[in-house]
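Bear in mind the structure is a predicted one, so any value in this text is a computation, not a measurement.
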Amino acid sequence: MTTNMMTPGKGLDLDNPNQQDKQDGPVECLGKTFSNDAERREYYLGILAEKLKDPEFRKIEGFPIGEDEAILELSDPPYYTACPNPFIEDFIAHYGRPYNPAESYKREPYAADVSEGKNDPIYNAHSYHTKVPHKAIMRYILHYTNPGDIVFDGFCGTGMTGVAAQMCGDRVEVESLGYRVLSNGDILENVDEGLSSSEWKKIAKLGERRVVLNDLSINAGFIAKGYNSLDKIKAKLDRIEILVNDAKEIFLNRYKTENPFTGETTEADFYVWSEVFSCPECTHQSSLFELAVDKNTYKLSTTFLCPSCKSELSKDKLDRVWVSSLMPDGKVVKELKSELVEVCGNFSDGKLRYKPLKDDLKNSEKVISDVIYWVPEVEFPHGRQTRKVKTGSGISYVCQIFTGRSLELFSYLWSVAGQDKDINSEMKFLLSSILNLVSKRERFRDGTGKGAQSGTLYVPSLQIEKNFFDVFLRKIKAMRKLKGITSSSNISLGSGSSSQLLIPDESLDYLFFDPPFGESLQYAELNYVNEAWHRVYTRIEDDCVLNYVHGKDLEFYFDLMKSAFKEAYRVIKPGRWITVEFSNSQASVWNSIQTALQDSGFVVANVSALDKKQMSFNSVTTTTSVKQDLVISAYKPNGGFEERFIREGDEEGVWDFVRTHLSYLPIVKKQLAELVKIPERDPRIIFDQLVVYFVRNLRDVPISSKAFQEGLLERFAERDGMIFLPEQVAEYDKARISSKQLKQLSIFVDDEASAIEWLRQLLNEKPQSYQDIHPKFINELSGWKKAEEQLELSKLLEQNFLNYGGVGQLPPQIHSYLSTNFKEMRNLAKDDQQLIKKAKDRWYAPNPEREEDLQKIRDRDLLKQFSEYKAHSGRKLKTVRLEAVRCGFKKAWQERDYTTIINVAEKIPQDLLQEDQKLLMWYDQAQTRASDESLF
């Protein structure tokens, strides 16, 4: 492909220093002073160039594919490198504070649900497959950090965490969250929002936080760099606009069109292109637009008649028409035939749509091989999404995703940007932000463009070709309106795997992660078009996704996430927090995230919701999609506790863990000013966390559930079924008094354990008879897992709850219920028989002493069932009793029988294994132990 360039128009003289951004002022960077910014960049580029020659450096996991020249052109060191950033350690040494165990730091998890929309101008400045609004992230950063702290995002995507951290120093942005900022920088929150009286509480301090960002994707890293250097982009908009207008003058007639009725000329607003199909009955060829589109409403009909033979057709019945095209590398390929079918122009008497005239057709005739400027001469790689675009859309090369006209203009301006180092990055950021809008991926919807479908490389059969210059100039106009400003001097950004970070131990203050969502998005494939223009590519084999085409299964995903969280655990300071934002409808992927997080050493303290308000295409159309993202708050235990835990005896370790864990849990949680029960403070959940921590630290759990619950009540305060430290309970009591009631969280019944919890919650409200319970229970069973054996209600009640049969003294639970609900209790002595009659056959939740007796009976039944699974041979089990497997795994673990755990895990349905956090923990740890023992 030739790179012959037309001379830019007269509007901008690249040799005129008066039209360059002023760079003659001194620049300070990581403790060094340079005469100007260009000198700074050249200095660090020299260091990076030498680093790229080191074979060991290129062996770092996730190192991108690209020549040194392309990596250097894309990079802006030390702030951003299109490879693992070798300057991160210098950045942290300059801005960070070493870990100090004596430093006073204390935060509860951010337990409130967060709701932020996607319509913020900054959010919309550049598109990406998914991102979290920066204002949502700001709430977490303000809560967990102080000004000057270093925040890390290992899956940074477009760098919204960096934007959020920098905006924490912007008073207007902070106050837009509903906070109040005082003159001294204190940030206040209305803690009684929604009530008649207001109480404002200090929650943070105004000030920028520094940021370390990383993402495997080259495209994501480049966008993140732009988002975190908006100061440079805005400063260069005038020069970029001149270049765009110069190009518009050079290509003056590319969009010229004529009113077919009046002869008036103007620029076309957009064009409609349609793929051509053939009738299977008579082979008549016609565009889909002519066959199926109503020209009045622009609605697409599902059935239509062939204009030749009048056969009733639908799109699925049509045959595609293929043509041969010459690619830039001289290769001839087949592609789907398409034609220009409509033009839209805005004339003096209004907007008009019409069939293309002779000149319209002539202007659209340019083909890819005619383009004289550099374009990516690369084919799409093999993959899930790329296979769709190759077989479904007949597109083999990246350049085919554009019309000839759009490709010509995009490649021209891309080359113009590359000629000027001072605006190269900023102009290419803007160009990449409009790439989808000027490609064939722009969908025809009701006759106009509605954007490319996100999360896929889908190219529709009906396409809108927009006026390139209109789109670009509107983008420049929108960028001028951005109020928030970011600076690259506040970030250290690199492109590589989060499983191998160039970051010192215990050096970061807070982590916000938005990791890949399983198989929802194939990032490396989706980014390929953009990265082809940069000539630097993400290694698809390192992309942390589920992908059956590449043989990436749940185990692959889990192992990568576990490695990333272990690195995160290594680099964060003890006692500090990680927030993990996650959205996936698959329980197995959700469990992989939680298990990987806890395997690394983090302890989960809270799970809340993040509502992005504007749902994606998939979450609207797919019934199984998660409508809200979930946010996990987890902490790294402080160094003092970890050291004590090693020295302490088993019982000391139990209560030290509980005290430490309770100190990290939220004390009060509200939804719309209504007090909500905190599940993490439930004794059974605390016990589960204790078990997880002991097992992951290779220690046996030294206490029974009953003894644990008795010990909790002896040592700590209990309120509403929740456990608090003595110093926490006063705050909860104050909130409880001001709240009318405590809202119970709804329980979704999908297995035996959740069914038991649902019954316990129901019977804690009041004792009930089997006849009362049964219809309510049946209504809850629609989501029961197919691979789990479903138990009868009678068996669940018998094994987990108590029934008063009308003999002997009334149990306290039923006595309390009757005294509350029946007037006859006033005359208890006279009406014993009547009360007993009312109490007869009512089921109620047992107290801890009786519950342990029931558990022993239940465990015998569960272990008997597990022994059958253990002895099973032949085909895999189709259904199992999940509680039996859990109980059996626990017993096998206690007996150090790791082989049984592994063998049974391979027999049961894999969906159940991967979707159950407890089973996954026992199985994962058993594999680790078995592997360790085999070495000796």
Side-chain angles (χ1 to χ4, degrees), residues 1-5 58 62-75 82-83 128-129 216-223 324-336 366-415 417-418 424 428 431-432 434-436 438-441 452 456-459 495 522-543 545 547 549-550:
M1 174 62 62
T2 60
T3 55
N4 178 35
M5 292 294 302
R58 283 187 167 271
F63 201 98
I65 300 169
E67 299 295 329
D68 290 5
E69 178 191 359
I71 292 173
L72 291 170
E73 181 183 348
L74 199 54
S75 301
C83 61
Y128 196 63
H129 322 297
L216 183 74
S217 165
I218 287 296
N219 183 40
F222 176 73
I223 298 171
S324 296
S325 292
L326 182 65
M327 292 298 103
D329 59 3
K331 186 177 180 180
V332 177
V333 299
K334 281 188 174 182
E335 65 178 0
L336 294 175
K366 181 172 282 294
V367 295
I368 291 171
S369 57
D370 292 336
V371 177
I372 65 172
Y373 316 108
W374 180 85
V375 299
E377 300 180 7
V378 292
E379 294 186 61
F380 281 105
H382 181 60
R384 279 184 67 176
Q385 286 298 329
T386 54
R387 187 169 67 178
K388 289 178 183 178
V389 77
K390 286 194 285 188
T391 60
S393 303
I395 292 177
S396 303
Y397 281 71
V398 166
C399 50
Q400 287 178 280
I401 214 157
F402 300 88
T403 65
R405 175 168 38 206
S406 291
L407 180 66
E408 177 186 39
L409 300 177
F410 194 93
S411 62
Y412 170 72
L413 284 171
W414 191 268
S415 297
N424 180 37
K428 287 180 177 177
L431 278 166
S432 67
I434 67 167
L435 188 150
N436 281 329
V438 297
S439 74
K440 292 181 180 179
R441 296 188 59 221
T456 177
L457 286 176
Y458 171 73
V459 175
S495 299
Q522 304 296 318
Y523 295 94
E525 295 180 35
L526 295 172
N527 289 323
Y528 195 81
V529 175
N530 294 71
E531 292 177 359
W533 287 94
H534 294 303
R535 296 177 292 130
V536 186
Y537 303 88
T538 303
R539 290 190 182 275
I540 292 180
E541 60 268 28
D542 293 332
D543 200 14
V545 293
N547 187 315
V549 173
H550 295 141

Side chain [X], main chain [Y], donor-acceptor under 3.5 Å:
X	Y	value
Arg441	Phe402	no
Thr386	Gly383	yes
Thr538	Ala524	no
Ser411	Glu408	yes
Lys388	Leu457	no
Ser75	Ala82	yes
Asn530	Asn219	no
Glu525	Gln522	no
Glu335	Ile395	no

Under the salt bridge (Lys or Arg N to Asp or Glu O under 4.0 Å) test, residues paired with Lys331 that sit two or more places apart: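 Lys331: salt bridge (Lys or Arg N to Asp or Glu O under 4.0 Å) contacts with Glu379.
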Tyr128: partners by ring-ring contact (aromatic ring centres under 6.0 Å, His included), with sequence neighbours left out: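 With sequence neighbours excluded, Tyr128 shows a ring-ring contact (aromatic ring centres under 6.0 Å, His included) to no residue whatsoever.
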Would you compute the distance between atom [atom1] of [X] and atom [atom2] of [Y] and round it to the nearest 0.5 angstrom?
X	Y	atom1	atom2	result
Gln385	Tyr458	CD	OH	12.5 Å
Asp543	Ser217	CG	OG	8.0 Å
Ile65	Cys83	CD1	SG	14.0 Å
Leu407	Cys399	CG	SG	6.0 Å
Ser495	Leu216	OG	CG	8.0 Å
Leu74	Ile71	CG	CD1	8.5 Å

Please give me the minimum heavy-atom distance between [X] and [Y], naming the atom from each residue.
X	Y	answer
Ser324	Val332	CB-CG1, 3.9 Å
Glu531	Ile218	OE2-N, 3.2 Å
Arg539	Phe63	NE-O, 2.5 Å
Pro64	Val536	CB-CG1, 3.8 Å
Gln400	Gly394	NE2-O, 4.0 Å
Leu326	Gly330	CD1-O, 3.4 Å

Note, [X] side chain near [Y] side chain (heavy atom, < 4.5 Å):
X	Y	value
Trp533	Val375	yes
Ile540	Pro381	yes
Phe410	Leu435	yes
Phe380	Tyr528	yes

Would you say the ring centroid of Trp414 lies under 6.0 angstrom from that of Trp374?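 No; Trp374 has its ring centre 6.0 Å or more from that of Trp414.
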Crowding at CD, Glu67 (>12 non-hydrogen neighbours, <6.0 Å): no
Before accepting this row, confirm whether a basic side-chain N of the pair Glu73/Arg535 lies closer than 4.0 Å to the acidic partner's carboxylate O.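 Salt bridge between Glu73 and Arg535, a charged N being under 4.0 Å from a carboxylate O: yes.
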